[in-house]
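My questions all concern the structure below.
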Amino acid sequence: MKTKILKAILYLVGWILSIINIGPLGLRLMNQASNLYLILGVLLTIGLISTAFICASRFGKTIAQIIIEYRTNKENK
């Protein structure tokens, strides 16, 4: 149970960090003069958005498992 709680906290932190960094990191690269930086900025933004969705879904799954496990343990006692 403790490891699931730790996983949930880490997924939440990963989700928050990826949401915070979507704008500044991608836009900073896209504002450069080179086309290479534009492509890298777009790829970085897409990667951060997908990371945000993945972390959010895994956070939800882990929280659901914790709730189900808690209810099961409470019913068995």
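For reference, positions follow the sequence shown, starting with 1.
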Quick one: pull up CD1 in I19 and OG1 in T51 and give me the separation to the nearest 0.5 Å.
10.0 Å
Indicate if L6 and V13 have the same hydrophobic cluster label, given that clusters are the connected sets of ILVMFWY residues with side-chain heavy-atom separations under 4.5 angstrom.
no
Closest heavy-atom pair and its distance - F59, A8:
CD1-O, 3.1 Å
Do I16 and L44 sit in one hydrophobic cluster, given that two such residues count as connected whenever their side-chain heavy atoms are within less than 4.5 Å of each other, even indirectly?
yes
Of all the heavy-atom pairs spanning S18 and L48, show the shortest one and how long it is.
CB-O, 3.8 Å
Assigning hydrophobic clusters by single linkage (Ile, Leu, Val, Met, Phe, Trp, Tyr; side-chain heavy-atom cutoff under 4.5 Å), is Y11 placed with F53?
yes
Heavy-atom neighbours of N73 CG exceed 12 at 6.0 Å
yes
Value rounded to 0.5 Å, distance of CD1 in I63 from CD in Q65:
10.0 Å
Report yes or no: do L10 and L17 belong to one cluster of Ile/Leu/Val/Met/Phe/Trp/Tyr joined by side chain heavy-atom distances under 4.5 Å?
no
Output for pair (I67 CD1, T72 OG1), nearest 0.5 Å, gives 11.5 Å
Let me check something: do I20 and I22 share a hydrophobic cluster, defined by ILVMFWY side-chain heavy atoms less than 4.5 Å apart, either directly or through other members?
yes
Taking all heavy atoms of C55 and all of G14, pick out the closest pair and write down the distance.
SG-C, 4.0 Å
For T62 and K4 the tightest heavy-atom approach is CG2-O, 3.2 Å
Just verifying a value: how many Å separate L12 CG and R58 CZ, rounded to the nearest 0.5 Å?
15.0 Å
